[in-house]
Amino acid sequence: MYDFVVVGVGPPGARFARRAAEEGYDVLALEKGTVGEPLACSGHVSTDIWEFTGEGARKELFQNEVYGARFHVGGPNSEAYPFYKREVASNVIDRVGLDRHLADLAREAGADVREEHTVTEVTERRDRVAVVASGPDGTVEFEAKMLAGCDGPRSRVRDELELPQPEELLHGVLAFSEEDDHEDFVDVHLTPPTFFAWRIPRGEAGVEYGLAAPPGVQVNKHFEELIDGYEIDVSHRCSGVIPIGPPDRVTTRRAFLIGDAAAQTKPFTGGGILYGMTSADHAAREIDPDRPTTLAAYERAWRDDLEREQELGRWIRRAYSLPEPVQRIGLGALSGEIGVHMDRPTSLVSLEHLKALLSRP
Ligand SMILES: Cc1cc2nc3c(=O)[nH]c(=O)nc-3n(C[C@H](O)[C@H](O)[C@H](O)COP(=O)(O)OP(=O)(O)OC[C@H]3O[C@@H](n4cnc5c(N)ncnc54)[C@H](O)[C@@H]3O)c2cc1C
């Protein structure tokens, strides 16, 4: 019997598998396909990402650095309101490569990472958890003292355990054009209802165009308008789901959710790579597979760390739905140099941000 079985090897699953293996636990991690595929993510992350990676990662994964964002109330030709930092605010990285890199770190730490294993059933017993997976050799059953559900926004583990759903699932689409672009600003268009569209320069990896919006919004129509506005040809279209608003509970007696399965994302951007891995660290620190009561400590730890950030993030997102004239006045008044950390909206009230505001001409 394993100490932990991890379902899903995205960034939080790989991170938890690595950390738990480093603690000396026996860890099995099951991934339904090939790690990192298919791509459904921009890989736009704060520079904190490098605290979670191993040797040589930056050289392998880095695509571009970003100092700020130009906000637009309308499409590509509308007025731009720039928000920027003096130092690098974020990096654009190879997301498929990131997942592979993190899975390799988990393997090196001693976790047994198996691809092509889709978990189809989860049964929680008093003293263990059993999972059924279908793999290349047919159906296999594994047992562990505890189970980590890291299987993304439409989590099978969450459903099997009858845990509550996230508040919202947004639909995101992406596509790429091939020209090199090393520019250091991303563009954000507040055109689709309640969320936004974007353009991300990815250095030699081309330019990414994307959009996310709630169900019911005509995502493809808004996306075509974005592409038409930029007058470019795009290829490699892909899409994914972004969960917003964590459920009240992400743990049971012997199982817990991490990452998108637990909606550990930023409500105002949908970004979840760093929140998921941060929560994976909380899980690895707090949870003892022989003591189910430690699951409550994980629930407390990740919420203590991220709940206020998510709450403030929801307020920021409300601004995306304000009437356009109000958005223009707000963006006009607030744009300029900022000192906000992109993963920590509470840094809006930080000394660093205050200094940046006061040093504006
Ligand atoms: C369009 C779009 C753009 C985004 N851009 C950004 C961004 O720029 N920055 C950022 O931080 N975040 C971004 N995100 C969010 C980010 O992709 C997620 O927060 C992150 O991938 C969460 O990781 P995860 O491992 O929890 O989920 P996932 O990445 O979905 O990984 C879940 C893993 O579990 C596996 N799995 C699923 N079911 C099973 C099963 N039954 N058995 C075994 N394995 C299973 C899947 O194959 C997958 O590998 C974006 C999301 C979308 C949709």
Side-chain angles (χ1 to χ4, degrees), residues 6 8-22 27 29 31 33-69 84-111 113 115 150 174-187 198-210 235-236 238 240 258-260 266 269-281 284 341-344:
V6 179
V9 188
R15 178 72 180 182
F16 178 78
R18 173 188 176 189
R19 281 281 175 244
E22 283 170 352
V27 181
E31 166 54 48
T34 304
V35 168
E37 296 176 18
L39 172 72
C41 175
S42 308
H44 180 217
V45 282
S46 72
T47 50
D48 292 0
I49 190 70
W50 308 116
E51 292 165 23
F52 292 85
T53 52
E55 221 174 290
R58 198 171 188 283
K59 194 161 177 287
E60 190 189 321
L61 306 172
F62 172 85
Q63 292 177 337
N64 197 15
E65 55 189 15
V66 173
Y67 282 72
Y84 58 89
K85 292 178 97 165
R86 270 174 209 267
E87 73 269 25
V88 176
S90 55
N91 283 176
V92 183
I93 61 165
D94 168 2
R95 167 65 204 263
V96 173
L98 174 73
D99 286 27
R100 290 185 184 144
H101 175 84
L102 296 169
D104 285 345
L105 292 178
R107 286 190 179 101
E108 282 163 28
V113 178
E115 295 174 279
C150 309
L174 298 177
F176 301 86
S177 69
E178 278 174 9
E179 75 273 17
D180 287 9
D181 191 337
H182 295 269
E183 213 208 340
D184 48 19
F185 268 76
V186 299
D187 287 279
W198 62 86
R199 177 189 188 277
I200 301 179
R202 310 192 70 94
E204 281 158 29
V207 179
E208 177 193 304
Y209 299 83
S235 58
H236 306 99
C238 48
I258 319 179
D260 275 17
K266 290 184 278 181
T269 66
I273 296 174
L274 279 152
Y275 279 14
M277 287 203 286
T278 301
S279 301
D281 282 358
H341 186 295
M342 73 183 261
D343 296 331
R344 297 279 170 185

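Quick caveat, the model's predicted, so the values are computed rather than measured. Values reported hereafter were calculated over all heavy atoms of this structure, with side chains retained and with hydrogens, waters and symmetry mates removed.
Here the closest non-hydrogen pair linking Val186 and Pro201 is CG1-CD, 4.1 Å. For the pair Glu208 and Cys41, the tightest heavy-atom approach, listed with the atom from each and the gap, is OE1-O, 4.4 Å. Nearest heavy atom pair, residue Arg107 against residue Glu115, reads NH2-OE1, 3.5 Å. Ala20 and Ala284 make their closest contact through N-CB, 4.4 Å (heavy atoms, listed as atom of the first residue, atom of the second, distance). When all heavy atoms of Gly240 and Ala40 are compared, the closest pair comes out as CA-CB, 4.1 Å. When all heavy atoms are compared, the tightest approach of Pro11 to Leu98 is CG-CD2, 4.3 Å.
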Where do Val45 and Trp50 land on the side-chain contact (heavy atoms from CB on, under 4.5 Å) test, with the steps shown first? CA-CA 10 Å; Val45 282; Trp50 308 116; over 6 Å; no
Full working for side-chain contact (heavy atoms from CB on, under 4.5 Å) between Thr269 and Met342: CA-CA 9 Å; Thr269 66; Met342 73 183 261; over 6 Å; no
Kindly determine whether Arg95 and Ile273 satisfy side-chain contact (heavy atoms from CB on, under 4.5 Å), including the steps that lead there. CA-CA 10 Å; Arg95 167 65 204 263; Ile273 296 174; 4.0 Å; yes
Apply side-chain contact (heavy atoms from CB on, under 4.5 Å) to Tyr209 and Val207, showing your working. CA-CA 7 Å; Tyr209 299 83; Val207 179; 3.6 Å; yes
For the pair Arg199 and Asp181, evaluate salt bridge (Lys or Arg N to Asp or Glu O under 4.0 Å) and give the outcome as yes or no after the intermediate values. CA-CA 11 Å; Arg199 177 189 188 277; Asp181 191 337; 2.9 Å; yes
Do Asp104 and Arg100 pass the salt bridge (Lys or Arg N to Asp or Glu O under 4.0 Å) test, and can you show the C-alpha distance, the side-chain angles, and the key distance before you say yes or no? CA-CA 6 Å; Asp104 285 345; Arg100 290 185 184 144; over 6 Å; no
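Atom CH2 of Trp198 is separated from atom CG of Leu174 by 5.5 Å, given to the nearest 0.5 angstrom. Considering CG of Leu102 and CZ of Arg15, their distance stands at 8.0 Å, rounded to 0.5 Å. Distance CG/Leu61 to NZ/Lys59: 11.5 Å, rounded to 0.5 Å. Separating the CZ atom in Phe62 from the CG atom in Asp94 is a distance of 12.5 Å, to the nearest 0.5 Å. Atom CD1 of Ile200 sits about 8.5 Å away from atom CZ of Phe176, to the nearest 0.5 Å. In this structure, NE2 on His182 lies 11.0 Å from CD on Glu65, to the nearest 0.5 angstrom.
Here the options are Asp260, Ile258, Val6, the test is side-chain contact (heavy atoms from CB on, under 4.5 Å), and the partner is Pro12; only Ile258 passes.
In this structure, Val66 and Phe185 have side chains that are not in contact, with every pair of non-hydrogen atoms separated by 4.5 Å or more. No side-chain heavy atom of Glu60 sits under 4.5 Å from any side-chain heavy atom of Thr53. In this structure the side chain of Leu274 reaches within 4.5 angstrom of the side chain of Phe52, judged on heavy atoms.
A distance-only check finds no donor-acceptor pair linking the side chain of Ser42 to the backbone of His44 [under 3.5 Å]. Looking at Asn64, its side chain does come within 3.5 Å of a backbone N or O of Glu183 through a donor-acceptor pair. Between the side chain of Glu31 and the main chain of Val9, a donor-acceptor pair closer than 3.5 Å is present. In this structure, the side chain of Arg202 engages the main chain of Ile93 through a donor-acceptor pair within 3.5 Å. A donor-acceptor contact shorter than 3.5 Å is absent between the side chain of Arg18 and the backbone of Ala111. Looking at Glu37, its side chain never comes within 3.5 Å of a backbone N or O of Val96 through a donor-acceptor pair.
Take Tyr275 and apply the ring-ring contact (aromatic ring centres under 6.0 Å, His included) test, not counting sequence neighbours, and it matches no residue.
Heavy atoms of other residues, nucleotides or ligands lying less than 6.0 angstrom from NE2 of His236 number 12 at most. Heavy-atom neighbours of Glu55 CD from other residues, nucleotides or ligands within 6.0 Å: at or below the threshold of 12.
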